[in-house]
Protein chains: 2
Amino acid sequence: MPMRSVDVERVRALPLFRTASARTFDNLIAGGFLQKFPAGTTLLMEGDPVDFLYVLIEGLAELQGTWNDKETTLAVLRPVSTFILAAVVLDADALMTARTIERSDILMISGEAVRRAMKEDAAFAVAVAEELSGCYRGLVRTVKNQKLRGASERLANYLLAEQVSQDRGPSLVLPHEKRVLASLLGMTPENLSRAFANLADYGVVVSGPEVTILRPTVLERLAKPDRLIDSHLQPSAARAGMADRECRASAAGTIAALN
Amino acid sequence: MPMRSVDVERVRALPLFRTASARTFDNLIAGGFLQKFPAGTTLLMEGDPVDFLYVLIEGLAELQGTWNDKETTLAVLRPVSTFILAAVVLDADALMTARTIERSDILMISGEAVRRAMKEDAAFAVAVAEELSGCYRGLVRTVKNQKLRGASERLANYLLAEQVSQDRGPSLVLPHEKRVLASLLGMTPENLSRAFANLADYGVVVSGPEVTILRPTVLERLAKPDRLIDSHLQPSAARAGMADRECRASAAGTIAALN
DNA sequence: TGATCGGCTTGATTATGATCAATTGGAGAT
DNA sequence: ATCTCCAATTGATCATAATCAAGCCGATCA
């Protein structure tokens with residue numbers, strides 16, 4: 001329940017907390033607690049009031065939305081990401097359900113404390129605004145991706161983005177079930193299968209969760225990645241800077257720190 | 001070029017500026033200027049660096065995204081709204097193009113000044129974070145709308161939302177060309193026509209830009225409006241409060257204060 | 001080893017939306 | 001008044017994605 005100091009360091013290093021004063025930071029984590037959840041746990045339901053800011057320290061989680069008995073995945077979160085920030089700032093009800101995909105370690109920080117900290121520490125308030133800006137822009141990318149591209153284009157761009165971010169050469173490993181990916185990309189599992197089949201002609205080889213991109217150039221000609229939609233034209237220059245703060249949600253939504 | 005004091009008051013009354021100190025506010029508008037643009041002017045192109053925070057004082061504007069020679073409208077802005085805030089906060093390139101739809105009066109405030117003001121005035125930084133949270137949540141609604149609903153469901157919900165917000169009884173007036181509405185709702189103009197034709201069976205009568213909803217109950221049974229997607233279940237209680245800060249982007253994106 | 005379950009795939013069919021083409025109809029210009 | 005232009009509509013066709021229905025395969029477990 002008390003955090004390991006390794007984890008405290010990891011949280012402290014997040015853009016959201018890096019610039020906060022020591023006092024602000026201590027107050028925030030003093031009232032927080034770390035909890036382990038098994039896979040498939042619902043952390044928060046759509047429509048519920050939000051009492052905590054969540055920080056995914058270890059594991060994998062997803063944010064989903066529902067309407068009329070249909071469900072869609074809005075983002076898959078990887079460590080270390082914060083989520084539900086917007087609802088916390090406004091003290092509003094959640095617009096998305098948060099679920100663990102794998103067993104996860106999650107830090108929960110009092111929403112009340114976050115709002116108080118913002119008022120007292122301008123540097124922290126600025127960091128919150130920057131974080132939200134990145135999240136917002138991640139969603140703009142998502143909407144463009146969704147409205148402007150077809151299913152296999154979305155998949156192609158997702159694969160290219162993952163390949164770059166995983167950095168294991170020409171192949172990558174899907175971080176979760178294909179059904180989740182299908183929902184994230186806005187299609188049915190059946191159509192995801194067919195989309196993969198299409199991409200075979202473009203040098204994409206699938207073997208279980210492992211995907212290999214044999215001819216990146218050819219695939220890119222189909223995918224037409226765009227720096228205003230996809231975050232993966234990695235700014236080889238100065239990754240350390242502020243640009244890095246824009247969350248790598250990618251249109252596909254992979255790393256998003258959301259809500 | 002100098003603002004009329006009426007307009008200064010209107011800006012001052014915005015949630016974004018209401019809580020700022022007098023000094024902060026004066027600094028911000030001192031370096032700003034009001035400009036009139038004819039209809040169809042591009043204020044800012046996708047990919048361009050953003051030097052100003054924009055405030056639409058009078059008129060009508062839209063935000064659009066492009067990819068592969070296709071265009072989509074992400075939001076239609078009405079007075080008084082700020083836009084391009086997220087890019088200003090991060091000092092990043094615009095992800096959307098901003099265009100005037102009608103002749104518009106637009107206040108432009110130095111982005112540099114906004115970033116400085118946030119660091120110096122915690123109350124203003126908090127207001128920025130709150131504004132961004134509202135915008136973010138507006139986009140979450142948009143994505144859910146887009147991924148979970150079909151075309152005529154989106155149209156039906158748009159109409160119900162407009163009807164409520166225009167408050168002129170059972171009818172409403174489309175605030176812009178139908179082609180813009182089609183793009184906003186994520187469909188072609190042809191399909192928007194057909195969607196309107198479908199809704200005739202549900203008591204929707206269209207006559208040019210005027211739409212009348214004869215049987216709201218029937219239309220709602222089709223639309224299934226949802227407070228976690230559509231903003232128009234008007235919180236009859238306490239509209240003055242913080243909840244109101246959440247931008248009424250509606251899933252359809254009407255009033256959004258974006259980017 | 002064999003049985004079972006669930007995720008994934010594949011095929012056939014249907015539904016939904018996009019595209020192409022032609023026409024209508026209204027606003028503004030001559 | 002007529003012409004012109006363009007948004008909007010309508011119809012026909014095509015493309016894309018969803019649904020329905022088997023089947024397959026790998027993991028787990030008895």
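Lettering follows sequence order; numbering is per chain, from 1. Since the structure is predicted, the reported quantities are computational estimates derived from the model, not experimental observations.
- Side chain of Lys147(A) to main chain of Gly65(B): no donor-acceptor pair is present (N/O by atom type, distance under 3.5 Å, no hydrogens or angles).
- Atoms CZ (Arg179(B)) and C1' (dA18(C)) sit 16 Å apart, rounded to a whole Å.
- Distance from the side chain of Lys178(A) is smallest for dT9(C) among the nucleotides dT10(D), dA18(D), dT9(C).
- Remark: the Glu177(A) side chain and the dC8(C) base include no donor-acceptor N/O pair separated by less than 3.5 Å.
- Among the nucleotides dT9(D), dT10(C), dA18(D), the one closest to any side-chain atom of Asn191(A) is dA18(D).
- Across Ser133(A) and Leu132(B), no two heavy atoms sit closer than the pair OG-CD1, 3.2 Å.
- With rounding to whole Å, Gln146(A) atom CD is found 14 Å from dG17(C) atom P.
- Nearest to the side chain of Ala151(A), among dA17(D), dT10(C), dT10(D), sits dA17(D).
- Counting only N and O atoms by type, the side chains of Glu131(B) and Thr82(B) include a donor and acceptor under 3.5 Å apart.
- Checking the phosphate oxygens (OP1, OP2) of dA18(D), no side-chain nitrogen or oxygen of Lys70(A) falls inside 4.0 Å.
- Rounded to whole Å, atom P of dA7(D) lies 16 Å from atom CG of Leu174(B).
- Between the NE2 atom of His176(B) and the P atom of dC6(D) there is a distance of 21 Å, given to the nearest Å.
- Within the nucleic acid shown, Gly150(B) comes within 4.0 Å of sugar-phosphate atoms alone, with no base atom in reach, counting heavy atoms only.
- Contact annotation: side chain of Glu190(A) to base of dC20(D), donor-acceptor pair present below 3.5 Å.
- The base of dT19(C) sits with one of its N or O atoms less than 3.5 Å from a complementary donor or acceptor on the side chain of Arg194(B).
- Here dT16(D) presents its C1' atom at 11 Å from CG of Asn198(A), a figure rounded to the nearest Å.
- Applying side-chain contact (heavy atoms from CB on, under 4.5 Å) to Val80(B) and the options Leu56(B), Val55(B), Asp7(B) leaves one that passes, Val55(B).
- Arg103(B) contributes no side-chain N or O that, together with a main-chain N or O of Lys36(B), makes up a donor-acceptor pair within less than 3.5 Å.
- The CZ atom of Arg154(B) sits 13 Å away from the P atom of dT16(C) (whole-angstrom rounding).
- At dA17(D), none of the side-chain N or O atoms of Thr188(A) fall inside 4.0 Å of OP1 or OP2 (strictly under the cut-off).
- What separates CG of Leu181(B) from C1' of dA8(D) is a distance of 13 Å, to the nearest Å.
- In this structure, Glu153(A) places its CD atom 14 Å from C1' of dA18(C), rounding to the nearest Å.
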